[in-house]
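These notes are about the structure you will find just below.
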Amino acid sequence: MSGGGMESLSRPPQNIGGGPPNGQHAKERCGCFQMPLHYPRYTRAEYEAMPEWKLDCLLEEYGLPVAGDVEQKRKFAMGAFLWHQ
């Protein structure tokens, strides 16, 4: 026996089947979500006046749930993004 079975964990993934390079495989496996670079900077008043479609887009952009009515979404967004309420 060699190395106690840890060899398979230390080897980089192999490109089997002639597919795209490893970087592209990783991107495909991870899906299309990519964390935005900037934290939203809306005020409480802006969240309170924000239309539902814009709340949906904002929550989806950050990978957060978009369930509930507009008031539930608004409260969730304010709780997630406002530092002082």
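Residues: numbered from 1 along the sequence shown.
- A continuous path of Ile, Leu, Val, Met, Phe, Trp and Tyr side chains, each step under 4.5 Å between heavy atoms, connects Y39 with Y47, placing both in one hydrophobic cluster.
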Identify all side-chain donor-acceptor contacts of residues 64-72 below 3.5 Å with residues at least two apart in sequence or on another chain.
{"from": "D69", "atom 1": "OD1", "to": "E71", "atom 2": "N", "distance (Å)": "3.1"}
{"from": "D69", "atom 1": "OD1", "to": "Q72", "atom 2": "N", "distance (Å)": "2.8"}
{"from": "E71", "atom 1": "OE2", "to": "R74", "atom 2": "NH1", "distance (Å)": "2.7"}
{"from": "Q72", "atom 1": "OE1", "to": "D69", "atom 2": "N", "distance (Å)": "2.8"}

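- Applying the salt bridge (charged side-chain N to carboxylate O under 4.0 Å, His left out) criterion to E48, with sequence neighbours excluded, gives R44.
- With hydrogens and angles ignored, the 3.5 Å screen pairs no side-chain donor or acceptor of E61 with any backbone N or O of L58.
- Applying the side-chain contact (heavy atoms from CB on, under 4.5 Å) rule to K54 yields the partners Y42, M50, P51; only residues at least two apart in sequence or on another chain are considered.
- Note that the CD atom of E60 and the CG atom of L55 stand 11.0 Å from one another [nearest 0.5 Å].
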